[in-house]
Amino acid sequence: MVGLALDEHGIPKTAEGRFEVAKRIVAATDAIGIPRGDVYIDCLTLTVSAEQSAASETLKAITMCKKELGVRTVLGVSNISFGLPCRGYMNTTFLTLAMQAGLDLAIMNPNTPEMMAAVRAYRVLTSQDEKCNDYVAAYANVQVQTSQVAKTDAAAPAGGAAGADALFEAVRRGLKNEARAAAEEALKTREPLQVVNETLIPALDVVGDAFEKGSIFLPQLLQSATATQAAFEVIKTAIAASGSQGESKGRIVIATVKGDVHDIGKNIVRVILENYGYDVLDLGRDVPPERVVEAVRQTGAPLVGLSALMTTTVPNMQATIEALHAANLPCKVMVGGAVLTKAYAEQIGADFYAKDAKASADYAKQIFG
Ligand code: B12
């Protein structure tokens, strides 16, 4: 019997939370007479590059389940290293820690030499492999070659001509405080939108290309995104100070579509539209079509803006447009996001393709007059 330590609310963040779920599973298996030794609890591996404390919670949960419930444990290990370079290093170390925490059954590829080496070495060190017999049998005739990992300039993809710009550099290198300070500096000599279009977006493009080529990894991408957001907070204040005050020119609903968490572009669009005097209802990111339909129905907004940044989520943009049509809502839809083109926007039934935030304001003017 295999039980996952998650419930209807998802995966509990803490070891204690997962242990509580395990207790419920064991109560159920006890009730139907399954021996504890036949119950395997999976305490679930999360990605350490996205949430660093997650690894220790999993390990702690394994120990709690083993010691306090007397069950066995099973775990898929390699998810730990998603988004990091040289994943094998992370996987083998995590596997070793998990075995030490009480893991009985690892879900792993037994054809990976490093993983098997970790298991064999661990069995020697914990006296399970008597007289090192298995270890010696496996490695007596193996000549170890020292492997060289090609080193890339991970933290610093090439900056090009704009490299001199402190803000560009701060975003590219993912430095939040520096980005904030550099944005303040940049605003002394340039207009807010100029700073966004000429520096922030090109810097993120460089970061995105480096990520695609594999010379930077998810944690660095996240740091650049965080630095951009810090810079944009400063820019936003400058935009707001110059904005139109007074009566709303009309209501606009905006959202990043289902499955997509990219919202920097959408947030810029929101600030610009608000600055032009529109009343913007921002539904956030990863928004399912039904919620967009519901919001348009409730507000009667004549204009909807949708954002999608990935080829995998553009179909959800189409699904949202179709849902709005199916609900017979008389709104226009404008769309944007790095992977879109004008032709594709037309193909999925959008009324307008906005290449940037300024274009979205121009289109809003056409709609609201
Ligand atoms: C920052 C970033 C992230 C951040 C996002 C943080 C955040 N809060 O938004 C983080 C690190 C979280 C991230 C995660 C991921 N990302 Co990412 N990310 C980027 C990056 C580098 C920049 C995007 C950005 O913000 N650009 C700046 C903004 C201002 O530009 P923009 O969004 O295009 O917006 C402008 C216009 O398009 C337009 N616009 C945008 N939206 C809208 C909406 C409306 C209504 C209108 C009118 C206009 C409009 O106006 C905006 C202002 O001018 C891009 C690469 C790139 N060059 O785009 C990759 C990129 C989009 N990501 C990518 C990938 C693969 C991912 C991940 C799957 C990575 C992973 N393995 O986990 C995850 C996805 C998670 C998910 N489910 O969504 C790929 C997508 C590939 C593809 N073709 O599908 C890209 C292209 C990188 C790459 N080259 O590989 N990412």
Side-chain angles (χ1 to χ4, degrees), residues 47 49-51 79 81-84 87 157 171-172 174 192-232 235-236 239 252-273 276 278 280-287 292 301 303-317 320-321 331-342 344-345 350-364 366-367:
T47 302
S49 65
E51 213 179 326
N79 200 32
S81 60
F82 187 72
L84 289 174
R87 294 184 59 181
V171 169
R172 190 171 69 83
L193 259 190
Q194 244 184 321
V195 178
V196 169
N197 291 332
E198 293 170 10
T199 308
L200 279 189
I201 296 179
L204 279 173
D205 283 343
V206 168
V207 172
D209 286 349
F211 175 71
E212 196 172 5
K213 290 196 191 95
S215 61
I216 66 161
F217 296 87
L218 200 54
Q220 292 146 306
L221 192 65
L222 269 168
Q223 279 165 31
S224 286
T226 308
T228 306
Q229 275 154 350
F232 190 62
I235 296 170
K236 203 163 99 177
I239 295 175
I252 304 173
V253 171
I254 63 170
T256 297
V257 301
K258 188 175 167 190
D260 203 319
V261 304
H262 295 90
D263 65 357
I264 297 175
K266 170 187 68 61
N267 294 344
I268 294 175
V269 169
R270 173 192 175 158
V271 169
I272 298 302
L273 289 173
Y276 274 85
Y278 298 101
V280 181
L281 174 61
D282 182 353
L283 301 177
R285 53 198 195 171
D286 189 14
V287 181
V292 178
L303 181 59
V304 176
L306 299 175
S307 184
L309 268 280
M310 298 194 290
T311 37
T312 47
T313 54
V314 176
N316 295 338
M317 185 176 255
T320 309
I321 296 172
C331 60
K332 296 280 185 198
V333 183
M334 62 178 169
V335 295
V339 290
L340 283 181
T341 59
K342 189 170 184 296
Y344 195 79
D351 298 292
F352 183 72
Y353 164 69
K355 74 167 177 25
D356 57 25
K358 175 69 173 52
S360 75
D362 294 343
Y363 184 63
Q366 271 184 46
I367 301 294

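Not measured: the values here are computed from a predicted model. As the structure lists them, so they are numbered: ligands from 1, and atoms in each ligand from 1.
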Could you tell me whether the side chain of Leu200 reaches within less than 4.5 Å of the side chain of Ile235, counting heavy atoms only?
-> yes
Among all protein non-hydrogen atoms, which one is nearest to atom 89 (N) of ligand 1, and what is the separation to 0.1 Å?
-> Glu212 OE1, 3.1 Å
Taking both backbone and side-chain atoms of Thr311, is any N or O found less than 3.5 Å from an N or O belonging to ligand 1?
-> yes
Just distances here: any N/O of Asp209 and N/O of ligand 1 closer than 3.5 Å?
-> no
Which of the N/O/S atoms in His262 sits closest to atom 17 (Co) of ligand 1?
-> NE2
What do you think, any protein heavy atom under 4.0 angstrom from atom 85 (C) of ligand 1?
-> no
Proximal ligand 1 atoms for Val261, defined as those under 4.0 Å from one of its heavy atoms = 7 (C), 8 (N), 9 (O), 75 (C), 76 (C), 78 (O)
State, to 0.1 Å, how close Pro192 and Ile239 come at their nearest heavy-atom pair, and which atoms those are.
-> CB-CG1, 3.5 Å
Any donor-acceptor N/O pair, Thr256 side chain to Val261 backbone, under 3.5 Å = no
Give the contacting part of Tyr363 toward ligand 1: side chain, backbone, both or neither, where contact means a heavy-atom distance below 4.0 Å.
-> neither
For the residue pair Val314 and Tyr344, establish whether any side-chain heavy-atom pair is separated by less than 4.5 Å.
-> yes
Do the side chains of Ile321 and Val335 get nearer than 4.5 Å, heavy atoms only?
-> yes
Looking only at distances, please establish whether an N/O atom of ligand 1 is found under 3.5 Å from an N/O atom of Leu221.
-> no
Any side-chain heavy atom of Met317 sitting closer than 4.5 Å to one from Leu340?
-> yes
Verify the contact flag for atom 43 (C) of ligand 1, where contact means a protein heavy atom under 4.0 Å away.
-> yes
Considering only protein heavy atoms, determine whether one is less than 4.0 Å from atom 21 (C) of ligand 1.
-> yes
Ala357 near ligand 1, heavy-atom distance under 4.0 Å?
-> yes
Which residue holds the protein heavy atom closest to atom 41 (N) of ligand 1, what is that atom called, and what is the gap in Å?
-> Ser307 OG, 2.7 Å
Number the atoms of ligand 1 from 1 as they appear, then name those within less than 4.0 Å of a heavy atom of Ile201, with their elements.
-> 29 (C), 53 (O)
Which residue from Ala203, Gly337, Ala338, Ala359 reaches closest to atom 39 (N) of ligand 1 through any of its heavy atoms?
-> Gly337
May I ask whether Asp263 places a heavy atom under 4.0 Å from ligand 1?
-> yes
Smallest separation among heavy atoms of Ser49 and Gly83, with atom names = OG-CA, 4.3 Å
Please say whether Val269 places an N or O atom under 3.5 Å from an N or O atom belonging to ligand 1.
-> no
Does the protein place any heavy atom closer than 4.0 Å to atom 11 (C) of ligand 1?
-> yes
Distance flag for atom 81 (C) of ligand 1, protein heavy atom under 4.0 Å = no
With a cut-off of 4.0 Å, which atoms of ligand 1 are near a heavy atom of Val339?
-> 83 (N)
Measure the shortest side-chain to side-chain distance between Ile201 and Val196 over non-hydrogen atoms and say whether it is less than 4.5 angstrom.
-> yes
Does the Asp286 side chain pair with the main chain of Lys258, one donor and one acceptor, at a distance under 3.5 Å?
-> no
Between Ala203 and Val171, what is the shortest heavy-atom contact and its length?
-> CB-CG1, 3.7 Å
Could you tell me which non-hydrogen atom of Leu273 sits nearest to which non-hydrogen atom of Ala361, and how far apart they are?
-> CD2-CA, 3.8 Å
Proximity to ligand 1 by part of Leu218, non-hydrogen separation under 4.0 Å = side chain
Work out whether the distance between some heavy atom of Lys358 and some atom of ligand 1 is less than 4.0 Å.
-> no
Per-atom filter on ligand 1: closer than 4.0 angstrom to a heavy atom of Gly305 are 45 (C)
Quick one: does Ser360 get an N or O within less than 3.5 Å of an N or O on ligand 1?
-> no
For Thr47 and Phe82, work out which heavy atoms get closest and say how close.
-> CG2-O, 3.2 Å
Within a strict 4.5 Å, meaning less than it, do heavy atoms of the Met334 and Val304 side chains meet?
-> no
Answer yes or no: is there an ion pair linking Asp362 with Lys358, defined by an N-O contact shorter than 4.0 Å?
-> yes
Quick one: closest heavy-atom pair of Val207 and Arg172, and the distance?
-> CG2-CA, 3.8 Å
Numbered atoms of ligand 1 (with element) below 4.0 Å of Ala225, judged on heavy atoms = 1 (C), 4 (C), 6 (C)
So the atoms of ligand 1 within less than 4.0 Å of a heavy atom of Asp260 turn out to be 78 (O)
